[in-house]
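Only one structure is covered here, and it is reproduced in the block below.
Each chain gets a letter, A, B and so on, in the order the sequences are listed, and its residues count up from 1.
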Number of protein chains: 2
Amino acid sequence: MSKVAGSNLARAHDPWRASARGARDREHVRDRKFVESLARGLEVLRAFTPNEGLLGNQEIAARTNLPKATVSRLTYTLTQLGYLNHVGRLSKYQLAPAALSLGYSALANMRIRQIARPYMQELANYASATVALGTRDRQSLIYIEHCRGKAAPMLRLDLGSRIPIATTAMGRALLAAMPVTEREWMMSHIQRREGEGWPKVRAGIERAVNDLVTRGFVLSLGEWQQDIVAVGVPLTVPSDGSAAFAFNCGAPTFRLSRDRLENDVGPRLVNMVRNVEAALNGQ
Amino acid sequence: MSKVAGSNLARAHDPWRASARGARDREHVRDRKFVESLARGLEVLRAFTPNEGLLGNQEIAARTNLPKATVSRLTYTLTQLGYLNHVGRLSKYQLAPAALSLGYSALANMRIRQIARPYMQELANYASATVALGTRDRQSLIYIEHCRGKAAPMLRLDLGSRIPIATTAMGRALLAAMPVTEREWMMSHIQRREGEGWPKVRAGIERAVNDLVTRGFVLSLGEWQQDIVAVGVPLTVPSDGSAAFAFNCGAPTFRLSRDRLENDVGPRLVNMVRNVEAALNGQ
DNA sequence: AGTCTTAGTTCCGCAGAGTGAAACCATGTT
DNA sequence: AACATGGTTTCACTCTGCGGAACTAAGACT
């Protein structure tokens, strides 16, 4: 049940727990404001991931825990609207351009991107590393903007791609900057997913919380990808409560010594973020 | 009414004509498979464009022709699900990361991109121009992939951005390759929008239809953007009926003489597309 | 202060949209 | 021919989603 749709943090109403019309819901008071079929339709779209790009109704039904018949109607509707494409004569759908278009509109309207980009590029060049900006969506991070340094075309992550929260510098920065209750809630989720790796992951996060207060940035030293090191710094937009962002600056281990990362790049990233914050509030 | 949601070509069921529960629908037979509230929710998301990125419920209601109360519930739901963000203390929403994420998944799964990219890059380099790949969504084109030639960082269009169909080389290529009935239908739409500019636009399209059969490519010489010339070539994926793509290759006028465009670049683009087609069918 | 305006939210009774189990179809497969 | 497999359609029921209208909140103007 909860495998399907991670609910949306504290403030969230977890759609699938909440209703699933069929499941005679004892206790839960229905939220009259929440439009169930919209949520379901979107959940269908979400079932398509970058690797799982071609799904039949059956597979969708499995992934979303929705009854066959319902999925059939939803895919039909989504196809009409141009969000899905019928592919390969029969059966199997695929995300279609309309979905892409939404993403583009989303990107285009994130003011922070335009403002941050020049700062990011500058640091990327200076450190010959990659600087990226991301934000949270459910249980992972999404890249919103990124700049590569001159000599570092190493790791290629496109805008919109997802990375985990628990083990990356960017993710830890975000976690470390959260209100405690929220962080605890996130961590319980992560714990469930990590299983036995959890103690190590937890230690990493706790160190990050500590690092953030003492040094202003957090680290990930090969904990996400072997051979990749990075620093991360959070940014909270004050006016706009819900939106929290984080930057990272990373490179392959051999290119960026730990010493330089901690004593040069880290502080510079902190400084960069202060500048971005100023620019954001400025105009 | 029809201003809101362009219906989706011939096969389409035009959602808003079809029902709008309140509007006691005489004639129209309801499509029991179509999930109205999903369509409405998505229409709300669509109301956000790259330029119109910050909308209040009221504005959304106006753009979608949905009643206030309904919009209120839909935005509430979309916010819960992470597709919209509440911004600036109260009122006004904005597309949120979840929307972006869909777009990324969509992109990631278009096989044609990976296959076409090397060919595109090669031509882009050769011609010192920009080569792009796009597909249709409703009444416009969407960029799916693009490569810039070495010395041509001129026009910067990101993936997912929209360009018009009627005046661009890419759009005309698509139009020219359509079945007549479909093209006629599209053209009637375009006509409505163009108003008095229509005769010229129409002539352009008709020339394109002609060019396509005689030469294999179509042209747009400054008809979309002053100072930009381009050739376009369509590609139809046979197995996958609905999906039709088109390529363009363009540059600022001063960089690419008309002669070279027509006698060198055009034929090469045609050739490139043949190669891509072969590659697509190959594996 | 008061009054208007503008925008968003909530109520509430109603009707029909959306549902899902089960029957039905259409394609392979053994 | 029987059997999977996966998608679609039917059908009767019910609860969801609807939307007009009432309500609330926050400026803006006198």
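For B:Leu78 and D:dG17, the CG to P distance is 13 Å, given to the nearest whole Å. To the nearest angstrom, P of C:dA21 lies 11 Å from CG of A:Leu66. Put simply, CZ on B:Phe34 is 17 Å from C1' on C:dT19, counting in whole angstrom units. Distance B:Leu74 CG to D:dG17 P: 10 Å, rounded to the nearest Å. The nearest whole Å value for the distance from the CG atom in A:Leu38 to the P atom in C:dA17 is 18 Å. Rounded to an integer number of Å, the gap from OH of A:Tyr76 to P of C:dT19 is 15 Å. Look at CG on B:Leu54: it is 15 Å from P on C:dA7, rounded to the nearest Å. Between A:Glu36 atom CD and C:dT19 atom P the separation is 9 Å, expressed in whole Å.
Remark: B:Glu52 pairs with B:Arg63 by the side-chain hydrogen bond (donor to acceptor under 3.5 Å, both in side chains) rule, at least two apart or across chains. With sequence neighbours excluded, the residues that form a side-chain contact (heavy atoms from CB on, under 4.5 Å) with B:Glu277 are B:Leu235, B:Val273, B:Arg274. With sequence neighbours excluded, the residues satisfying side-chain hydrogen bond (donor to acceptor under 3.5 Å, both in side chains) with B:Glu59 are B:Lys92. Qualifying side-chain contact (heavy atoms from CB on, under 4.5 Å) partners for A:Ala96, counting only residues two or more places apart in sequence or in other chains: A:Asn85. Scanning for side-chain hydrogen bond (donor to acceptor under 3.5 Å, both in side chains) contacts around B:Ser72 gives an empty result, with sequence neighbours left out. With sequence neighbours excluded, no residue forms a salt bridge (Lys or Arg N to Asp or Glu O under 4.0 Å) with B:Glu194. Contacts of B:Arg193 classified as side-chain hydrogen bond (donor to acceptor under 3.5 Å, both in side chains), with partners at least two apart in sequence or in another chain: none. Scored by the side-chain contact (heavy atoms from CB on, under 4.5 Å) test, B:Ala173 finds B:Val218, B:Pro234, B:Ala246 as partners (sequence neighbours excluded). With sequence neighbours excluded, the residues forming a side-chain contact (heavy atoms from CB on, under 4.5 Å) with A:Thr77 are A:Leu81, B:Phe34, B:Val35, B:Leu38, listed by chain and number.
A donor atom on one side chain and an acceptor atom on the other are found under 3.5 Å apart for B:Asn57 and B:Thr75. Side-chain contact check for B:Ser37 and A:Ser37: at least one donor-acceptor pair (N or O, by modelled atom type) lies under 3.5 Å.
Axis deviation across the helix from C:dA1-D:dT30 to C:dT30-D:dA1 amounts to 30°, comparing end segments of five pairs, rounded to 10 degrees.
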With the criterion being N/O to N/O and under 3.5 Å, what pairs connect the protein with nucleotides 28-30 of chain C, and how long is each?
none

Produce the list of close N/O pairs, under 3.5 Å, pairing protein atoms with atoms of nucleotides 9-11 of chain C; give distances to one decimal.
from	atom 1	to	atom 2	distance (Å)
C:dT9	OP2	B:Asn57	ND2	2.6
C:dT9	OP2	B:Ser72	OG	3.0

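Residue side chain A:Arg40 does not reach the base of C:dG20 through any donor-acceptor N/O pair under 3.5 Å, judged by distance alone.
Among C:dT19, D:dG6, D:dG19, the nucleotide with an atom closest to any side-chain atom of B:Thr70 is D:dG19.
The residue among A:Ser37 and A:Gly56 whose nearest nucleotide of DNA chain D lies closer to the 5′ end is A:Gly56.
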